[in-house]
Amino acid sequence: MEPAPDSTRDSLGGGASELPQLAASPSLFKRAWRVLLDFWIAPIRAEPLALMRIVTALGVLLSALTTIAPNLSLFWFDEGIIPAQVSDQMMSYGSRASILYGVTSHAAIIAWFVLWMIALLFLLVGCYSRIACIIAWVLAVSFNIRGLWTLNGGDDVAVHLLFYLMLSPCGAAWSIDSLRRRLKTYRDPESGFELPQARPTAQPTLIEPWSVRLMQIQLVIMYLLNGINKMNLAQTNDYLTGEAVYWALNDATLTRFAFDMLPAPMWVCRLLSWATLLFEFSFVIFICLPRVRPVLLWAGVLFHAGILATMEIGWFGQFTLCYYPVFISGAAVAGAAALLARRGSKKKYVVCFDTFCPVCRRSKFALELFDVGKRLTYLDIHDRPAMEAALPGVGYTRALREMLVIAPSGKITGGFDAFRTVMRVLPALWILLPVLYLPGAVWIGRRIYKAVARNRYKLVKCDQGVCNLHLMALSRENLDEEEIARVVQGARDAAMHRT
Amino acid sequence: MSDASILKSVPRYKRILRWLRIALITLFILWHLTFLFIANAKLYTDLTSATLGKYERYTSLDQGWGMFSSPLYRVLPFPAVRVTFDDGSSEVILSSNEPEDLKYFFRIGGARLRKLEHSFITERADLTGDYRQPIQQRLAQSYLDRWKAAHPEDARRAVKFTLIRRDFQIPRPGESWADEPVVTEKELASFAVEGAP
């Protein structure tokens, strides 16, 4: 979807200031209709959904690895506590479906589990997000149904999250899919030369909001129903009397530790019982108010963290929190991501790159896409005075041969090591970082880097004098300064002329 | 170029496809919202059960939220299995989820086993002739396997399982857990050990 100029719309449909046309609407009905339409169709920023995709995929992955993988033989294998035949019969009686229907082979169950984990990894990094999400959802349902008697509320919420993500364009931002899309938009300058300044920040990606709205409605319903069920007035109500938290903390079938180890005074139990009710109903009523929303979301985080600390009830709270990003505005999520990416530091790393090299220009474009915190600045290696000032004593020949990175501390790294430095600076690439630190990675990496760097002008069409200069640099240790200045100036002039 | 002229420049089939997509999405949203309302308000009828109910079950979008609903448990039910051996002696094997000391324990994990055990001591426990009976059988067998691993020297042969529920009364507010809390045991079901004579 094409980004609109006003792309900071709130994820719940925007406040009055963002909907100036409403004020001019003549009737209440028209206004209400407009708000309703806006809620369902006005484009919203993709970052909150992307964050939800990441936390959901990570959550389901961790949950499956910690609670299903160690229990495969106990609950999911045919010889375990739940025989395949019983599970299959339950599916027939209960109109349930599972890929594991009739599967008794251990190898097959393990293979499906591994495929599920791979799909979740793809979903996590946003690679073929939609397909990965469909596979992850189908397998989540299948493993849930096969182990039906072992399910906690968290397993249900996980399936719901994957279902809604499957409907949504969850790979629109912060994903390999979006990176691929943006790289396709890259156009190498016709002049064959690019000034080293960073490109202007791309407009945020906008998405259709309807799937996000369904997610928001689902969470509101969850809290509403939980609240209503707590208000059961048929018998003595533990929440109104304020005893609910006391009884819950004493339920030794599911508490994390004995009540006597940390006995909460009754007044604390009462406050927490009433706060629970207050939170669940407030969430339903006030979540649409942008000013109150952050308070409610933080209260929810504390609420679920408290339950996690005191109760062993699976992943219900953690998965419920996975819905929260879609209640945060896109601008806030993007701002927080930039802040985290900077990690409190405003110090910049300088990347010295060959402005005449098409491969290098494309790499710089890719780096800019990952550089959410704007930690990188760029320097043209052909700008000799600037290079002399930034890298005294480093020869032009070396700069031509490999990418150089200057850390804020002044440390200079080149080639493959510079590549690793840049990866460390950009959190979006951390997922690949362990690969670069595997034993032997330096030996292999340096050789691959050198091969690519040496041939970078052969990989693409280049008909400028700079290409010859590069080839000469590879064949000779030192080049004549006048020759360099002449070639670079000629190439720059030609590029400027073309521009 | 005006909006109208831009629209005219879009091929007709593309416009039809776009409207078809919008119509399908709208229908799906209406369907899903109806489902959320019916499922959560528990308003299933024969018709809605055959349509929306199937949608709920096949997609595993189970609704009906009610975590820690009132009234909360006053009694803690833990399962246990009494194993009768071929010499007539018996052993009661407790659930691994039951703390040795209710006044001092710490727990990480085990939520899946707890859930499974819970569903077989709170639902109708005597599952004779029920398709779920093998689960009860194997659950009891898993207790015995755990016990045998701890007592490898014991040569007795198990012949019968008796599923038991052990209930502990939670002390009222202001009271505290007794050093040895009173436990009430109730036999839920008995069945022969698989392969026993």
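Values below: all heavy atoms of this structure, side chains included; hydrogens, waters and symmetry mates excluded.
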[X] side chain to [Y] backbone, donor-acceptor under 3.5 Å:
{"X": "B:Tyr73", "Y": "A:Asn250", "answer": "no"}
{"X": "B:Arg112", "Y": "A:Thr67", "answer": "yes"}
{"X": "A:Asp238", "Y": "B:Leu72", "answer": "yes"}
{"X": "A:Asn237", "Y": "B:Ser70", "answer": "no"}
{"X": "A:Glu312", "Y": "B:Ala111", "answer": "no"}
{"X": "B:Arg132", "Y": "A:Val86", "answer": "no"}

Counting heavy atoms not belonging to [X], are there more than 12 under 6.0 Å from its [atom1]?
{"X": "B:Glu175", "atom1": "CD", "answer": "yes"}
{"X": "A:Gln89", "atom1": "CD", "answer": "yes"}
{"X": "B:Asp46", "atom1": "CG", "answer": "no"}

Would you mind checking if A:Asp251 and B:Arg74 are paired as a salt bridge, meaning a charged N to carboxylate O distance below 4.0 Å? no
Answer yes when A:Glu208 and B:Arg21 have at least one side-chain N-carboxylate O distance shorter than 4.0 Å, and no when they do not. yes
Shortest non-hydrogen contact from [X] toward [Y]:
{"X": "A:Met266", "Y": "B:Pro173", "result": "SD-CB, 3.8 Å"}
{"X": "B:Lys103", "Y": "A:Met261", "result": "O-CG, 3.8 Å"}
{"X": "B:Gln63", "Y": "A:Gln218", "result": "OE1-NE2, 3.0 Å"}

Please look at B:Arg57 and chain A and tell me whether the side chain, the backbone, both or neither of the residue comes under 4.5 angstrom of a heavy atom of that chain. both
Side chain, backbone, both or neither: which part of B:Thr59 has a heavy atom under 4.5 Å from chain A? both
May I ask you to name which of [options] has the most heavy-atom pairs under 4.5 Å with chain B?
{"options": "A:Ala97, A:Ala252, A:Gly227", "result": "A:Ala252"}
{"options": "A:Val159, A:Asp260, A:Thr253", "result": "A:Thr253"}
{"options": "A:Asn144, A:Asp155, A:Asn71, A:Thr66", "result": "A:Asp155"}
{"options": "A:Ser98, A:Gly314, A:Pro83", "result": "A:Pro83"}
{"options": "A:Ile307, A:Thr236, A:Ile217, A:Leu151", "result": "A:Leu151"}
{"options": "A:Leu254, A:Leu214, A:Ile228", "result": "A:Leu254"}

Taking the six-membered ring for Trp, are B:Trp65 and A:His160 parallel (under 30°), tilted (30 to 60°) or perpendicular (over 60°)? perpendicular
Hey, can you tell me if A:Phe163 and B:Tyr55 have their rings parallel, tilted or perpendicular (30° and 60° cut-offs)? perpendicular
Using ring centroids (six-membered ring only for Trp), state whether A:Tyr93 and B:Tyr131 fall under 6.0 Å. yes
Could you please spell out the steps behind the side chain to side chain contact (heavy atoms under 4.5 Å, CB included) verdict for B:Tyr104 and A:Phe257? CA-CA 7 Å; B:Tyr104 192 84; A:Phe257 49 83; over 6 Å; no
Which one wins on heavy-atom pair count under 4.5 Å against chain A: B:Gln137, B:Arg107, B:Lys115? B:Arg107
